[in-house]
Amino acid sequence: MLKVYNTLTRKKQEFVPQEPGKVGMYVCGVTPYNHPHIGNARPFVTWDVIKRYFRKKGFEVKHIQNFTDMDDKIIKAANTEGVDCSVISERYIKSYFEAMDKLNVQRADLYPKVTEHISDIIAMVQKLIDNGYAYELEGDVYFSVEKFPEYGKLSGRKLEDMQAGARVEVDQRKANPMDFALWKSAKPGEPFWESPWGKGRPGWHIECSTMSLKYLGETFDFHGGGSDLIFPHHENEIAQSQCCCGNYHSFAQYWLHNGFITIDNEKMSKSLNNFITVPDILKLYPGEVVRFFILRTHYRSPLDFSEERIKEAQAGLLRLKTAYDNGQELLEAREGNTENDVLLAENAQKALADFYEAMDDDFNTALAIGYMFTLAKEINTYANSVINHKGDFDKKHFGQLMDVYNEMAEVIGIFEGSLEMPTEDDGKDGISPEEIEALIAERAEAKKAKNWARADEIRDGLKAQGIILEDSAAGTKWKKA
RNA sequence: GGUGACAUAGCCAAGCGGUAAGGCCGAGGUCUGCAAAACCUCUAUUCCCCAGUUCGAUUCUGGGUGUCACCUCCA
């Protein structure tokens, strides 16, 4: 039984899908005005695992994620460069996809864009006006928070409290300072669309309401994003959507919010300019390492980024991957001659049950990954005993254990790419695999003749070229440093 | 000012009423011609502090201290 922490109720609750066997999720995407930073990546990696989990459990998942491709920051960037807004948004949407691909983030089913849903948005705004929840003011349209008695239920704030502490400059024309824009009239030089209220463009929150309702229906399962979106973004989405539907229990049923990635214990954000972009970090570390770094911590906990932490993640992931390689190699290299080690399969089933129990508890990837380490040790121990002692090999049961390990890796989304960083000499003046194999063969001869000097000379020579040799009873393996 | 979250070994991180998972680093050992990898052993009488509830609390309650976040664009 899956339990998830719902921001709306502030507690863990059992997940009951709207439609049995199906899951609808809307994840707030990015505003493409810059490269994604590592903090931006957290929700997408998190939701990718959630999606993988549901698919593994046999659910039919519909995942919608928007691009807010029209907004003040995009306009500003476009004006600075003297180009059209679409040039900016297209560029960073491309960057977003490149980054996510390297983090093994599978594609959503649909990536709706604001600019392609203007008429839907206008219709929704009009409906809110017609229903008495919104009002027009000189070309702008505002949502009247006082008309929605449940305003504040997601973030747990009262309207009075917010007004007391508001630090924003208040537009005196608004009925209530907290009223927010559904439609903004165009200022000179800004892009605009024609509307019943004149030339303008959508406010910030309306696009997510419109697009989620359009693609997932009035009531759907999950809505997610970073916890900084709880207020005002998601609070406002709830207000708009539920008032539009006339049902205060409609819209997303489970609200999941991930914690921040901090740097030096401060929130990483574009406005503080203390962020590290994903493209930059990918120049130094493989995507899977970055992904693993994110998943080692529960998604709701804060996560501090530093070189030390990412190196730890790298060492840990390498350990898991080495076990996978060791096990895979054993399966490929040897024929089985016994079926006595039933304990292998039993332990595997136990580990898999533990793994899913962890995932069922609000997607506890940190705990789940812990169980992968337990299996890794079991794989290594067994492989070692078979190779070193040339003992019996229960290929069937060991294979089952490897299948379980693989299934875990598929949910977490690792072992899909290389853990090696591309180097400059790749494909050029670097040593070829054939040459390496030839040297290994020569070294094997030298070892046979107990010519240790020559054997070590070859090994050191290869090491100088970034090739590490590992001897074992099964032969010599090589890998890049 | 309002609201919320968090505080577990050198570092990271699970657990959240029954006596501290896991990873990284470090030390010793096994294997090996030597390495590497792997494996084994060791590394928190204790979970920020103080009260309380309880047979029993890291886990619950109250109070402190500290850190962070939201209330303004932000994943």
Side-chain angles (χ1 to χ4, degrees), chain A residues 7 10 27-31 33 36-47 71-73 76 152 155-158 160-169 178 204 224-233 235 257-262 265-272 275 292-293 296-298 300-304 306 308-309 311-320 322-323 325-326 354 358 361 364-374 376-377 379-385 387-389 447 450-453 455-456 459-460 463 468-473 476-479:
Chain A
T7 306
R10 268 166 284 275
V27 180
C28 275
V30 295
T31 298
Y33 71 101
H37 63 61
I38 180 151
N40 290 315
R42 167 121 92 151
F44 307 121
V45 169
T46 298
W47 282 94
D71 130 303
D72 292 347
K73 294 183 289 297
K76 193 179 165 203
S155 54
R157 308 156 201 259
K158 299 188 194 80
E160 311 86 76
D161 295 341
M162 288 189 278
Q163 285 163 313
R167 282 182 270 156
V168 239
E169 208 174 313
M178 295 310 292
W204 175 29
S227 44
D228 49 354
L229 295 180
I230 295 170
F231 193 90
H233 187 55
E235 192 71 72
H257 293 95
N258 59 275
F260 296 122
I261 290 186
T262 57
N265 286 312
E266 283 219 314
K267 178 182 171 183
M268 187 183 292
S269 80
K270 287 175 183 170
S271 47
L272 290 176
F275 61 90
F292 192 70
F293 160 77
R296 281 170 79 218
T297 302
H298 184 91
R300 278 191 287 117
S301 302
L303 173 56
D304 196 50
S306 72
E308 190 188 351
R309 306 288 146 66
K311 280 198 176 357
E312 269 185 32
Q314 188 168 36
L317 180 59
L318 186 62
R319 179 173 162 77
L320 292 180
T322 301
D325 291 342
N326 290 159
D354 285 342
D361 184 11
N364 193 339
T365 53
L367 222 206
I369 286 170
Y371 295 124
M372 285 198 76
F373 279 102
T374 308
K377 179 174 283 191
I379 290 166
N380 283 326
T381 303
Y382 189 76
N384 260 1
S385 77
I387 293 170
N388 291 147
H389 307 300
K447 281 176 67 179
K450 297 205 189 300
N451 183 355
W452 309 126
D456 290 348
R459 185 170 63 197
D460 294 344
K463 190 177 181 184
I468 304 287
L469 295 190
E470 287 179 14
D471 294 337
S472 79
T476 299
K477 284 194 291 185
W478 65 272
K479 65 178 182 185

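Because only heavy atoms are used, hydrogens play no part in the values below, and waters and symmetry mates are left out as well, while side chains stay in. Remember, it's a predicted structure, so these values are computed and weren't measured experimentally. Numbers restart at 1 for each chain; the letters A, B, ... are given by sequence-line order, proteins then strands.
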Asks: Please give, in whole Å, the distance from B:G22 P to A:N364 CG?
Replies: 15 Å
Asks: What is the pairing partner of B:U43, taking Watson-Crick or G-U wobble pairs with both distances under 3.5 Å in any strand?
Replies: none
Asks: What I want to check is whether an N or O donor and acceptor connect the side chain of A:T381 with the base of B:C39 at under 3.5 Å.
Replies: no
Asks: OP1 or OP2 of B:G1 sitting under 4.0 Å from any side-chain N/O of A:R157?
Replies: no
Asks: What is the pairing partner of B:A36, taking Watson-Crick or G-U wobble pairs with both distances under 3.5 Å in any strand?
Replies: none
Asks: If B:C31 has a Watson-Crick or G-U wobble mate with both distances under 3.5 Å, name it; if not, just say none.
Replies: none
Asks: In whole angstrom, what separates A:L272's CG from B:C70's C1'?
Replies: 13 Å
Asks: How many Å lie between CD1 on A:I261 and P on B:A69, as a whole number?
Replies: 14 Å
Asks: Scan every strand shown for a Watson-Crick or G-U wobble partner of B:A69, both distances under 3.5 Å, and answer none if you come up empty.
Replies: B:U3
Asks: Charged N to carboxylate O below 4.0 Å: is that the case for A:R459 and A:D456?
Replies: yes
Asks: Paired with B:C25: which nucleotide, if any, by Watson-Crick or G-U wobble criteria at under 3.5 Å for both distances?
Replies: none
Asks: Does any N or O donor sit under 3.5 Å from an N or O acceptor when you compare the side chain of A:R309 with the base of B:C24?
Replies: no
Asks: Which part of the nucleic acid does A:G224 contact within heavy-atom distance under 4.0 Å: base, sugar-phosphate only, or nothing?
Replies: nothing
Asks: Could you give the NZ-to-P distance, from A:K158 to B:C70, as a whole number of Å?
Replies: 21 Å
Asks: For B:U58, give its Watson-Crick or G-U wobble partner with both distances under 3.5 Å, or none.
Replies: none
Asks: Measure distances between side-chain N and O atoms of A:D228 and base N and O atoms of B:C73, and say whether any donor-acceptor pair falls under 3.5 Å.
Replies: no
Asks: If we call it a pair only when both distances are under 3.5 Å in a Watson-Crick or G-U wobble match, what pairs with B:C48?
Replies: B:G64
Asks: Between A:E235 and A:R157, is there a salt bridge with N-O shorter than 4.0 Å?
Replies: no
Asks: Could you check whether the side chain of A:D161 and the base of B:G1 have a donor-acceptor pair of N or O atoms closer than 3.5 Å, going by distance alone?
Replies: no
Asks: Can you say whether a donor on the side chain of A:R42 sits under 3.5 Å from an acceptor on the base of B:A75, or the other way round?
Replies: no
Asks: Can you check salt bridge (Lys or Arg N to Asp or Glu O under 4.0 Å) on A:K477 and A:D325, steps first, answer last?
Replies: CA-CA 11 Å; A:K477 284 194 291 185; A:D325 291 342; over 6 Å; no
